[in-house]
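FYI, the numbering just counts along the sequence from 1.
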Amino acid sequence: MTVYAFDFDGTLTTKDTFVEFILFVKGKRSTYLGFLLFLPILVLMKIRLFPNWKAKQMVFSWFFKGMEIDEFNHFCTSFAHSRQDILRQQGFDLIAEALAKNDNVIIITASIENWVAPFFSQFDNRMKVEGTKIAVRQDRLTGQFLSKNCYGTEKVKRLYALFPYRRAFRLVAFGDSRGDKQLLAEADEAHYKPFRATNSRKFDEIVRFLLVGCTATALQYGIYLLLLTWLEPRISNTIGYLLSFIFNYFASTRFTFKVKSTVKRSIGFAFSHLVNYLLQIIFLSLFLYLGVNKAYAMLPVFGVCVPINFLLVRTFLKGKS
């Protein structure tokens with residue numbers, strides 16, 4: 001079977017619903033004053049010197065501690081119905097398609113379950129929402145979280161609590177932030193920022209490819225220059241290429257294209273780089289023949305081969321595995 005696991009904020013929505021919900025209930029003035037009060041803690045959270053869940057719980061408690069649960073849930077339903085404008089329709093269409101095929105769909109989010117679930121009322125409880133759970137005592141919010149903040153490794157734990165037999169299903173995961181990193185790493189098919197403009201996604205991939213590619217190329221070129229003293233240029237380039245290839249594979253799967261490493265993808269990646277390597281040798285020989293200094297001959301080679309390599313690598317890593 002197939003399990004579709006979606007993050008909510010930023011993936012299926014255009015805005016962070018934690019902030020949007022507080023604005024909806026409390027209004028701009030109270031919201032801005034509250035966040036101003038917690039600004040030092042939020043800054044520490046952003047630079048990872050204060051726990052994410054603790055900062056979030058403190059803010060939530062400030063705004064909602066003592067509110068009756070029925071009133072809170074009423075706000076949650078009203079919020080979902082009135083803020084349909086923040087949804088990414090492409091994501092909801094995909095959920096509908098998956099449910100129509102009787103696939104399993106789960107929303108795994110750091111947001112509070114109470115206001116996330118109403119966004120999916122159209123699907124008549126045919127899917128599961130796993131988010132941060134809130135504590136209630138005597139029908140009033142305590143301001144505390146009943147569960148761990150559903151973020152990072154907690155998302156993976158929630159997934160396996162519902163689907164414990166990993167080999168029994170194919171996981172397709174969707175996320176947009178570092179809080180989804182672990183979930184995406186578990187997936188057979190991972191989609192990072194999937195429902196944004198196609199050109200924007202491709203641009204992000206190109207930027208990441210250039211960062212990884214520049215690092216790998218610098219590593220290859222540095223080794224090439226280092227070995228030129230003792231070895232023939234083509235041999236120096238071969239050694240540099242092999243060492244940079246190892247770095248490039250792990251960086252490309254985990255960072256550039258954010259896909260899970262599989263045997264099929266490894267073979268495809270190796271094949272694309274074999275083609276790239278052969279092209280480099282051909283063009284290196286050509287530029288050396290044309291009289292280009294051996295210390296600089298690799299530079300025009302990179303200019304020709306890098307764009308070709310991007311297309312090849314993207315085809316093999318982003319295709320179905």
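- Although no hydrogens or angles enter the test, the distance criterion places a donor-acceptor pair under 3.5 Å between the side chain of Asp180 and the main chain of Ser177.
- Between the side chain of Lys26 and the backbone N or O of Phe63 there is at least one donor-acceptor pair closer than 3.5 Å.
- Under the 3.5 Å distance criterion, the side-chain polar atoms of Thr11 are left unmatched by any main-chain donor or acceptor of Phe8.
- Ring orientation note: the planes of Phe195 and Phe6 are close to parallel, at an angle under 30° on the 30°/60° scale.
- Judged as a side chain to side chain donor-acceptor pair (under 3.5 Å), and not counting sequence neighbours, the contacts of Lys133 are Glu113.
- Arg158 contributes a side-chain N or O that, together with a main-chain N or O of Gly131, makes up a donor-acceptor pair within less than 3.5 Å.
- Ile134 CD1 to Leu141 CG: the interatomic distance, rounded to the nearest 0.5 Å, is 4.5 Å.
- In plain terms, the two heavy atoms of Ala297 and Val292 that are nearest each other are CA-CG1, 3.7 Å.
- Distance check, rounded to the nearest 0.5 Å: NE2 of His191 to CG of Leu184 gives 9.5 Å.
- Listed for the Asp188 side chain is a donor-acceptor partner under 3.5 Å among the backbone atoms of Leu171.
- A perpendicular orientation is assigned to the rings of Trp62 and Phe38, their planes being inclined by more than 60° (bins at 30° and 60°).
- At least one donor-acceptor pair under 3.5 Å links the side chain of Thr132 to the backbone N or O of Cys150.
- In this structure a side-chain-to-backbone donor-acceptor pair under 3.5 Å is missing from Ser121 to Ala117.
- Taking the six-membered ring for Trp and thresholds of 30 and 60 degrees, Phe21 and Phe72 have ring planes more than 60 degrees apart, a perpendicular arrangement.
- In summary, of the residues considered (Val275, Leu279, Ile281), a side-chain contact (heavy atoms from CB on, under 4.5 Å) with Tyr277 occurs for Ile281 alone.
- Summarising the geometry, atom CD belonging to Gln220 is positioned 4.5 Å from atom CD belonging to Gln280; distances are rounded to the nearest 0.5 Å.
- Checked for salt-bridge contact, Glu97 and Lys101 miss the test: no charged N lies under 4.0 Å from a carboxylate O.
- With hydrogens and angles ignored, the 3.5 Å screen pairs no side-chain donor or acceptor of Glu68 with any backbone N or O of Asp70.
- No side-chain donor-acceptor contact under 3.5 Å links Arg137 to the backbone of Arg140.
- Ring pair Phe92/Phe123 is parallel by interplanar angle, where below 30° counts as parallel and above 60° as perpendicular.
- The distance from the OH atom of Tyr221 to the OH atom of Tyr296 is 7.0 Å, given to the nearest 0.5 Å.
- Across Trp115 and Phe60, no two heavy atoms sit closer than the pair CZ3-CE1, 4.4 Å.
- Distance check, rounded to the nearest 0.5 Å: CH2 of Trp53 to OH of Tyr151 gives 14.5 Å.
- With hydrogens and angles disregarded, no donor-acceptor distance shorter than 3.5 Å links the side chain of Arg234 to the backbone of Leu284.
- When every heavy atom of Thr13 is checked against every heavy atom of Lys15, the shortest pair comes out as OG1-O, 2.7 Å.
- A distance of 6.5 Å separates CG in Leu159 from CG in Leu183, rounded to the nearest 0.5 Å.
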